[in-house]
Structure formats: structure tokens, C-alpha cells
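Down below is the structure, laid out as C-alpha cells.
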Amino acid sequence: MSAVITVAPTGPLATKSDNPSLPTQPHEIADAVAKAYQAGASVAHLHLRDEHDRPTADLDIARRTIDLIAERCPILVQLSTGVGLEVPFQERERLVELRPRMATLNPCSMSFGAGEFRNPPKDVRRLAARMRELGVKPELEIYDTGHLDACLRLRDEGLLDEPLQFSIVLGVRGGMAATADNLLTMVRRLPAGSVWQVIAIGRANLQLTAIGLALGGNARAGLEDTLHIAKGEQAAGNQPLVQRAVDLVRSVGRTLATVEQAEHSLRLPRQSVGQGV
């Protein structure tokens, strides 16, 4: 069974002072994604930064970043509508108008470290409906058990089409702790046929990614999730983290999904002529 590897090169929180290899500008992100693709990633999960390296939902920056990636490699693009804790929902949701193949749908508000991640129910429903209209596949990021229930309610209301695509996020302060027990609890509760991956934040990244792959899930790798390749050793970019995930895939007896295989595995809607970024 093939495994889809997603590279998450930037994220909303870390800065170059945390790790100098963090890509923040469009050309840096595009170069990082291209290297990750060459290493084995088939999906790129994108956060965007402005010229001052602050999280942004600016459509011009998003479009430029995606265009630069497309010039370098055929990787599938997944835009984050999470963007950053200080960016209003109304700005964040506009990113789906670019019609990426996938985009994040965060179902619930929550404490997020020292901040607050606001996803009001009526706004989430509006975004889910718009993504369905545009043919953008939701990547459902769930940080706690109740977030899964919220996604199932959206499904029951006809706002989400099965099979659902989940990212099980572990290790964010305000969400589930990064433990194998929590991962197993969530996997057991997923609807039959769901597609899922583990997003393990910080020091538990390696171990929980390996467990997720052994359980049949997909994997995410990159500087958004961990700034280190080993204890006390910063990652020299995203490529080493992707390569580590590739090695895990092979070590559990699975193969890497190509872009075409990922497109099928993730059940992405077909794009009509003229559609897309």
C-alpha cells in the first residue's frame, strides 16, 4: 500500500530566528517544495508570509507562490486556510477562491499555545459549502476528539463529501497530547474509508509518524511540524525531514505514492478545463 507524504515547509508560527532554513518568501517556499518533491513528497501544504515574514492570506502572494511551485514540479497543492492566529477568518477563507486541489478546513475554535484559533461554526459552514461548490477537497484538521464530531455533523448536513480526509494533529498546547493512545483513539473513531495522516508536533514527530504509517495512514513532514532532525540538531531545511519520512515509509514495508497515485488515494475532485490556480 502506497503512502502519501505531504511536505509542510513553513507554518504560521516559526521564524528564521528559530531556524534559519525556514522558507518564508514565495521563491524560498517554491524551492523548498521542489526539493521535497524530488525527495518523495506528493503534496505541499502551504502557509504564506508577507514581505516582513508575517502570516498572510494575500491572494497575490498565494498565487505567486503556487505559480512558482508549478514551474518547478507537479506536486499537488494544499492551501492552509488556518494562515495565522491574528488573521481574520474572512481573509483566510478567500484563499479557496484560487481553487487549489485541497485546502484546510478547521472545524472548531480552540486555544492554540498562548493564543486563540477562531473558527466560528457559521463561518466554518459557509467555507465548507464554498469549497464544495468550487471542487476544493477539504483537509480536515482535528486537534481534539470533539473536532471529529464537528466534522461528522458537517458531513451529515451535506457539507462534506465522503471519503473524508483527516489530519490528526497531536502536540499543540490546547489540543490532544502527542501520545500513541490519543492517536489510536482517533483512528478507531474515523468513519470507514476515511483518508488520514498524522501531524505530530515537536519532539514526538518521528515516533508518531512511524506509528501512523504502520497503522496505514499517510505522513506529513517539514519545518512547520518540527524544527529539528534529531535532539539538539536543527533540520537543515525541509528536505532532510521529508527524506526521514521516506525512510520510515520504506522501513514499514510501504511504497511512496506518486502525484498521480496521491490524487487517486486522496479522492480529489476532477478539475474542469480552465479551473485551478
Side-chain angles (χ1 to χ4, degrees), residues 5-37 39 41 43-58 61-62 64-65 68-69 78-87 91-92 95 104 106 110-118 139 141 143 167-179 197-210 219-246 248:
I5 292 184
T6 296
V7 60
T10 306
L13 299 177
T15 67
K16 289 183 182 292
S17 62
D18 298 313
N19 185 317
S21 298
L22 184 79
T24 57
Q25 296 306 298
H27 69 280
E28 294 176 336
I29 294 172
D31 287 344
V33 167
K35 290 178 181 178
Y37 167 77
V43 176
H45 176 83
L46 301 182
H47 282 264
L48 308 163
R49 302 291 182 93
D50 65 15
E51 64 272 20
H52 303 293
D53 287 356
R54 297 172 303 201
T56 182
D58 182 276
I61 292 175
R64 183 180 172 217
T65 304
L68 288 171
I69 290 171
Q78 182 185 87
L79 273 181
S80 174
T81 62
V83 183
L85 301 183
E86 304 302 321
V87 181
E91 294 181 25
R92 292 156 42 201
L95 285 167
T104 302
N106 295 284
M110 60 181 291
S111 296
F112 199 104
E116 183 181 9
F117 189 22
R118 291 185 53 76
E139 178 235 354
E141 291 196 359
Y143 294 76
S167 291
I168 302 171
V169 188
L170 303 161
V172 171
R173 283 193 298 143
M176 293 178 290
T179 68
Q197 67 177 0
V198 179
I199 300 177
I201 306 301
R203 65 184 62 183
N205 179 268
L206 178 63
Q207 292 82 0
L208 288 177
T209 300
R220 197 172 94 167
L223 292 173
E224 175 173 355
D225 302 334
T226 179
L227 298 172
H228 294 82
I229 191 71
K231 185 176 181 180
E233 180 184 349
Q234 286 194 336
N238 284 277
Q239 188 174 15
L241 294 169
V242 172
Q243 185 60 57
R244 186 173 74 171
V246 167
L248 287 176

[X] and [Y]: which non-hydrogen atoms are nearest, and at how many Å?
X	Y	answer
P9	N238	CA-OD1, 3.1 Å
R49	T56	C-CG2, 3.4 Å
N19	L227	ND2-O, 3.1 Å
T10	P23	OG1-O, 2.8 Å
S167	I199	CB-CD1, 3.5 Å
P12	V83	CB-O, 3.1 Å

Answer whether the closest heavy-atom distance between the side chains of V43 and Q197 falls below 4.5 Å.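 No - every pair of side-chain heavy atoms lies 4.5 Å or more apart.
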Would you say the side chain of V246 lies within less than 4.5 Å of the side chain of I5, judging by non-hydrogen atoms?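 Contact flag for I5/V246 side chains = yes.
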Do you see a donor-acceptor pair shorter than 3.5 Å between the side chains of S80 and H47?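 Distance-only check passes for S80 and H47.
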Judged by modelled atom types alone, do R92 and N106 share a side-chain donor-acceptor pair under 3.5 Å?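 Side-chain D/A pair, R92 to N106: absent.
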Just by distance, do the side chain of E233 and the backbone of I229 share a donor-acceptor pair under 3.5 Å?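 No, because the side chain of E233 does not come within donor-acceptor range (under 3.5 Å) of the backbone of I229.
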Electrostatic pair D225-R220, nearest N-O below 4.0 angstrom: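 Yes, charged N to carboxylate O under 4.0 Å.
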Interatomic spacing from NE2 in H52 to CD in Q25 - rounded to 0.5 Å: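 That separation rounds to 9.5 Å.
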Working to the nearest 0.5 Å, report the span between CD1 of I29 and CD1 of I61.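 Here the rounded value is 9.5 Å.
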When H45 is tested against each of V33, T6, V7 for side-chain contact (heavy atoms from CB on, under 4.5 Å), which residue passes?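 That would be T6; it is the only one of V33, T6, V7 passing the side-chain contact (heavy atoms from CB on, under 4.5 Å) with H45.
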